[in-house]
Amino acid sequence: MTREVKEAVTELIREGIDRAREKEELALCDLPPVYLEVPSEKQYGDLATSIALQLASQVKLSPRRVAEVIVKHIPQSSTVSQIEVAGPGFINFFLTPEALYPVLGDIEEEGANYGRSDSGKGKRVLIEFISANPTGPLTAAHGRHGAVGDALANILQMVGYRVYREYYYNDVGHQMDILGKSVQARYHQLRGEETTFPEDDYKGNYITHIAQEIARECEDVKKDLGFFRRFAEEKLFESIKKDLEDFAVQFDGWVKEKDLYESGQLKKTMERLKKEGHIYEKEGALWFRSSRFGDEKDRVVEKSDGQPTYLAPDIAYHQNKYERGFHCLIDILGPDHHGYVGRLKAAIEALGHEKESLRVIILQLVSLYRGKEKLPMSTRAGEFITLRQVLDEVGKDAARFFFLMRTTNSHLNFDLNLAKSQSTENPVYYVQYAHARICSILEFAAERGVEVNKVGEVDLSLLKEKEELEIIKTLAQFPEVVEGCARALEPHGLTSYLQELAGGLHNYYNKFRVIGEDRNLSSARLILVKAVRTTLQNGLHLLGISAPEKM
RNA sequence: GCGCCCGUAGCUCAGUGGAUAGAGCGGUGGCCUCCGGAGCCAGAGGUCGGAGGUUCGAAUCCUCUCGGGCGCUCCA
């Protein structure tokens, strides 16, 4: 509901309470804040408050009695048509159509900005996601990270944060060595030469493809391990960037581990921790005293062979984020990294930052299905479905919608057959179809010479069908839905909202004609469906999904 | 053994301490002379894994327990 309406109703409730107090019908000392909610079911009205239940014990009356007393003293108003006391003591408000119509004007005026707010107050946020190392192609699981990270960034921008999207990867160290050795061994094998594969080698077909490419294109190059490693990294990164581009996932910055060594950031950060007494030596290794900051035990940051562990550059990286002026960090990590959160938070606290300034989303696993059949997902064994395969098979829009449909902390079952099917079962088409349908209505209006007017030129009070008012109420909720998604760092609320809005439109379309004999009525209804179209567009845009005019 | 996530309709899942726990799909029965049937409508389907507790009120919070997943390394 719009803020204006909510404020008006809240004011009515306060007035009701005040008057009851003056007449000494409520012995009240302390008034808690009055909250309004949108009731779970339509029969309970458009807005409701549980204030009477909260006050009951204080004023020593039954909750229902408190509600009745308050309602008795609420003055008449043009926004509210009916007030009821229901259930254990809820006060339910039914809004007048006149209170709803202004939403249509707001949407027309704000257009692509409908749903925007400034609640983020321009605060700078760095959101880091995917951050897959270039040791193989992006998998379907990375697809979920990409979809969630990108959509979340869009949503946060919409509510007034300044958002920076970043991808971090390790381009030095053990894993990259194994990558180089895997390609090298495969290359020698292709040439029929004797070779040994490293332990834990990467086994995917892409290793062979890279080796073949080297055999084809790099006849005269000196081929030491460094060469294989660099070549593989470059090739894999090219393909990662291409995948992201086709998946419409944007990044503002790329940070590689090597940068942290070369800029001195790693050294600087470690020295600061040492100086402040957060690092100690034991058994030839350097340990970070993370247990002092709530981690379950201390962690090695430099191994006894002098090499840093994975944690060290990661601490330096996060410190670097703060030094660049970001004081609100979001990391999206896989469930295999949840044990990592404690030490990371310990580190940022040791470096003088608020623990709460880092929010970590643990994004649960993706299981791919083809109908009933579960598909294998093992990076090491080289048996996995790549993001590229998903994109080729179901397309960007369906893939993104499916990745976004669930809460981040529950496992996602992704049925490729379902995502691919252009049928009623597939929610992404359901939503897009509503958009295309409205475009088609507008086209029809143009053919018939029905003018598409502005809100001010139309008699909106002709919109009095129950379905029309329901749609307007749904439209009015959009800004709050976006706000809620931002607050919870959960984009999935938007997918269900869009399904609901599309459902309202389809239902309406089947029951009523937008373009009919009555010109004035047609004009009013055109305003309504245009507002639905704008809102669908805005919602889909936030999710990175297209809003096609024809399908 | 310890930590995190999940357990809600046949299936996939929503549900920020509030009302008779919702939606989509599937299954059943209807709706195309009509702006796009990739659509709509109607009815069926539940001991919210289980047991205690907290309070005016618990799917939601706490404790225990059972099932599934993922971690628990001087790996990344």
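Note on naming: letters A, B, ... go to the chains in the order of the sequence lines (proteins, then strands), and numbering restarts at 1 for each one.
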Check the interface with nucleotides 15-21 of chain B: list each N/O to N/O pair with the protein under 3.5 Å, or write none.
from   : atom 1 : to      : atom 2 : distance (Å)
B/rA19 : O2'    : A/Tyr44 : OH     : 2.4
B/rA19 : N6     : A/Asn92 : OD1    : 3.3
B/rA19 : N1     : A/Asn92 : OD1    : 3.0
B/rA19 : N1     : A/Asn92 : ND2    : 3.0

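With a cut-off of 3.5 Å on both pairing distances, the Watson-Crick or G-U wobble partner of B/rC4 is B/rG69. Nucleotide B/rA21 forms no Watson-Crick or G-U wobble pair with any nucleotide shown, as no partner meets the under 3.5 Å limit on both distances. When both distances must be under 3.5 Å, the Watson-Crick or G-U wobble mate of B/rU60 does not exist. Base-pair partner of B/rA14: not found among the strands shown (Watson-Crick or G-U wobble, both distances under 3.5 Å).
For NZ of A/Lys355, the number of neighbouring non-hydrogen atoms (other residues, nucleotides, ligands) closer than 6.0 Å is greater than 12. Counted within 6.0 Å of CD on A/Glu37, heavy atoms from surrounding residues, nucleotides or ligands total more than 12; the atom is thus considered enclosed.
Proximity of residues 493-526 of chain A to RNA chain B (heavy atom under 4.0 angstrom from any strand atom) is restricted to A/His506, A/Asn507, A/Tyr509, A/Asn510, A/Phe512, A/Arg513, A/Val514, A/Ile515. A heavy atom closer than 4.0 Å to some atom of RNA chain B occurs in A/Arg437, A/Ser440, A/Ile441, A/Phe444, these being the qualifying members of residues 437-447 of chain A.
Applying the side-chain contact (heavy atoms from CB on, under 4.5 Å) criterion to A/Thr49, with sequence neighbours excluded, gives A/Ile13, A/Val34, A/Leu36, A/Ile51, A/Ile91, A/Phe93. With sequence neighbours left out, the side-chain contact (heavy atoms from CB on, under 4.5 Å) criterion links A/Glu296 to A/Arg299.
Residue A/Ile332 contributes atom CD1, which lies 17 Å from atom P of B/rC5 at whole-angstrom precision. Counting to the nearest Å, the P atom of B/rG24 and the CZ atom of A/Phe402 are 15 Å from each other. Rounded to whole angstrom, the span from the CG atom of A/Leu363 across to the C1' atom of B/rC4 amounts to 14 Å. In this structure, A/Leu404 places its CG atom 20 Å from P of B/rU12, rounding to the nearest Å. Here B/rG3 presents its P atom at 19 Å from NZ of A/Lys345, a figure rounded to the nearest Å. Whole-Å rounding puts the A/Asn417 CG to B/rG26 C1' distance at 15 Å. For A/Phe401 and B/rA38, the CZ to C1' distance is 14 Å, given to the nearest whole Å. Spacing between atom CG of A/Leu55 and atom C1' of B/rG57 amounts to 16 Å, rounded to whole angstrom units.
The backbone N or O of A/Ile515 lies less than 3.5 Å from no partner atom in the side chain of A/Ser522, so there is not a single donor-acceptor pair. Using a distance-only test at 3.5 Å, with no hydrogens or angles considered, a donor-acceptor pair links the side chain of A/Trp287 to the main chain of A/Lys282. With hydrogens and angles ignored, the 3.5 Å screen pairs a side-chain donor or acceptor of A/Asp415 with a backbone N or O of A/Gly371.
The separation of B/rU60 from B/rC75, taken at their C1' atoms, amounts to 39 Å, rounded to a whole angstrom. Distance noted for atom P between B/rG7 and B/rG17: 16 Å (whole Å). Nucleotides B/rC31 and B/rG37 place their C1' atoms 10 Å apart, quoted to the nearest Å. Spacing of C1' atoms, B/rG67 relative to B/rG50, comes out at 11 Å, to the nearest Å. Of the C1' atoms belonging to B/rG46 and B/rA14, the separation is 15 Å, rounded to the nearest Å. The same atom, P, is picked in B/rA21 and in B/rU16; the two are 16 Å apart, to the nearest Å. When the C1' atom is used for both B/rG71 and B/rA58, the distance is 31 Å, rounded to whole Å. Nucleotides B/rG57 and B/rU73 place their C1' atoms 48 Å apart, quoted to the nearest Å.
Taking only side-chain nitrogens and oxygens, A/Asn409 never comes nearer than 4.0 Å to OP1 or OP2 of B/rC4.
Between A/Tyr497 and A/Phe478, the ring planes are tilted. Angles from 30° to 60° get that label.
Using a cutoff of 4.0 Å between basic side-chain nitrogens and carboxylate oxygens, A/Glu349 and A/Arg292 are not scored as salt-bridged. Using a cutoff of 4.0 Å between basic side-chain nitrogens and carboxylate oxygens, A/Glu128 and A/Lys321 are scored as salt-bridged.
In this structure, the separation between CD1 on A/Ile178 and OH on A/Tyr202 is 6.0 Å, given to the nearest 0.5 Å.
A ring-centre distance under 6.0 Å is found for A/Tyr317 and A/Tyr168. Residues A/Phe90 and A/Tyr44 keep their aromatic ring centres 6.0 Å or farther apart. Checked against a 6.0 Å centroid threshold, the rings of A/Phe288 and A/Tyr280 do not count as neighbours.
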**Complete:** For nucleotides 67-76 of chain B, 5' to 3', base contacts (B), sugar-phosphate-only contacts (S) and non-contacts (-) with protein non-hydrogen atoms under 4.0 Å give --SBS-SBSB
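Only one option out of A/Glu468, A/Glu470, A/Lys466 pairs with A/Tyr508 in a side-chain hydrogen bond (donor to acceptor under 3.5 Å, both in side chains); it is A/Glu468.
Taking the O4'-C1'-N9-C4 or O4'-C1'-N1-C2 dihedral as appropriate, B/rC72 has a value more than 90° from 0 and is therefore anti.
Judged purely by distance below 3.5 Å, without hydrogens or angles, the side chains of A/Asn170 and A/Glu257 pair a donor atom with an acceptor atom.
The residue A/Glu549 sits close to a base: some heavy atom pair falls under 4.0 Å.
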